[in-house]
Amino acid sequence: MDIAVLQWFDSVFHEIIWLNYTMKYITYLGEFGAAAIISAVILFIFKKTRWVGVGVAAAFAVDVLIVNIILKLSVDRARPWQTYPELGFQEFHQLIGVREPSDSSFPSGHTAALFAAAVCMIMYFKAKGIPAIIVALLVALSRIYLCMHYPTDVIGGILIGSACGIAGYFISKALKILFDKKFKKKQPEGEAPATDNGGGTAEAQTDETKNKQQ
């Protein structure tokens with residue numbers, strides 16, 4: 001079933017030159033987690049979204065650990081063009097100039113990285129995070145379209161990446177609580193604010209005024 005889907009994409013779409021190159025550039029958004037990293041940096045720069053950036057960074061870090069270090073090394077699934085060289089996928093890649101990864105096919109790292117970032121963002125931003133999910137879905141589709149992964153690799157990437165996004169969200173929330181407890185300055189209860197004119201506290205000035213009136 002997996003290979004049949006790739007053959008269908010190859011036979012129906014791969015003669016549409018503009019679509020081939022469109023998918024090629026869409027897939028570059030997930031190259032080495034580029035879009036996830038850029039999103040984390042941009043969000044971190046602005047104070048209002050700083051903790052969202054921390055969440056996206058945490059989600060990506062968890063994703064790299066699970067996908068690239070644990071699953072890809074343990075599963076070690078061959079890529080479609082390696083298993084089925086007779087289908088001409090490699091010639092198609094050479095024709096449009098797309099890079100062929102040498103690591104395991106399962107799960108899709110591009111897909112997982114983008115979904116980790118997108119799910120974390122949508123948990124923070126709600127409906128405003130939908131564009132991030134759309135981008136992640138397009139990258140996931142591009143991996144199948146370009147025959148870089150089997151559909152099951154991409155589905156695995158979606159599920160794993162989404163779980164990493166949820167983890168990143170809760171990690172950032174926990175870190176914020178710890179940060180606030182340790183560094184956020186809070187005025188002690190019952191302490192009156194000091195004046196800036198050298199006249200002492202508001203309470204002392206009130207007593208002095210009463211004495212003068214007497």
Side-chain angles (χ1 to χ4, degrees), residues 1-17 19-40 56 58-120 132-168:
M1 181 64 180
D2 258 359
I3 195 61
V5 173
L6 299 186
Q7 286 180 290
W8 180 79
F9 271 96
D10 182 47
S11 62
V12 174
F13 296 108
H14 285 179
E15 290 187 4
I16 307 174
I17 305 301
L19 188 56
N20 293 340
Y21 285 95
T22 299
M23 286 297 179
K24 170 186 172 180
Y25 293 115
I26 286 174
T27 213
Y28 283 161
L29 293 172
E31 197 83 351
F32 306 112
I37 295 170
I38 292 170
S39 298
V56 172
F60 181 67
V62 174
D63 167 72
V64 170
L65 173 64
I66 293 175
V67 173
N68 296 80
I69 297 177
I70 298 175
L71 289 177
K72 280 187 177 288
L73 294 178
S74 59
V75 176
D76 197 24
R77 186 183 193 184
R79 298 274 178 167
W81 67 85
Q82 295 171 328
T83 305
Y84 301 95
E86 70 278 5
L87 296 181
F89 297 151
Q90 198 161 27
E91 287 79 2
F92 169 67
H93 298 156
Q94 292 170 352
L95 179 66
I96 65 171
V98 67
R99 185 183 73 89
E100 290 182 341
S102 58
D103 58 354
S104 173
S105 191
F106 182 89
S108 169
H110 287 60
T111 303
L114 269 291
F115 266 88
V119 167
C120 183
I133 291 291
I134 292 172
V135 171
L137 284 169
L138 286 172
V139 170
L141 177 62
S142 75
R143 302 309 284 168
I144 298 174
Y145 180 97
L146 296 171
C147 301
M148 288 292 175
H149 288 281
Y150 297 102
T152 47
D153 299 334
V154 172
I155 292 170
I158 291 172
L159 296 175
I160 296 164
S162 297
C164 293
I166 295 169

Value rounded to 0.5 Å, distance of [atom1] in [X] from [atom2] in [Y]:
X: Asn20; Y: Leu95; atom1: CG; atom2: CG; value: 7.5 Å
X: Asp2; Y: Ile144; atom1: CG; atom2: CD1; value: 8.5 Å
X: Ile17; Y: Ile96; atom1: CD1; atom2: CD1; value: 9.0 Å
X: Ile160; Y: Asp63; atom1: CD1; atom2: CG; value: 8.5 Å
X: Phe115; Y: Leu159; atom1: CZ; atom2: CG; value: 9.0 Å
X: Phe60; Y: Leu114; atom1: CZ; atom2: CG; value: 9.5 Å

request  = Would you please test His110 and Met148 for side-chain contact (heavy atoms from CB on, under 4.5 Å) and show each step?
outcome  = CA-CA 10 Å; His110 287 60; Met148 288 292 175; over 6 Å; no
With a 4.5 Å cut-off on side-chain heavy atoms, are [Y] and [X] touching?
X: Arg77; Y: Tyr150; value: yes
X: Leu87; Y: Asp10; value: no
X: Ile133; Y: Val119; value: yes
X: Trp81; Y: Cys147; value: no
X: Leu6; Y: Pro151; value: yes
X: Arg79; Y: Ser104; value: no

query = Is the number of heavy atoms from other residues, nucleotides or ligands under 6.0 Å of Glu91 CD greater than 12?
reply = yes
query = Does Asp153 come within less than 4.0 Å of Arg143, counting only side-chain N to carboxylate O?
reply =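 No, Asp153 and Arg143 are not salt-bridged.
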request  = State yes or no: are the ring centers of Tyr145 and His14 separated by less than 6.0 Å?
outcome  =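 Yes; His14 has its ring centre under 6.0 Å from that of Tyr145.
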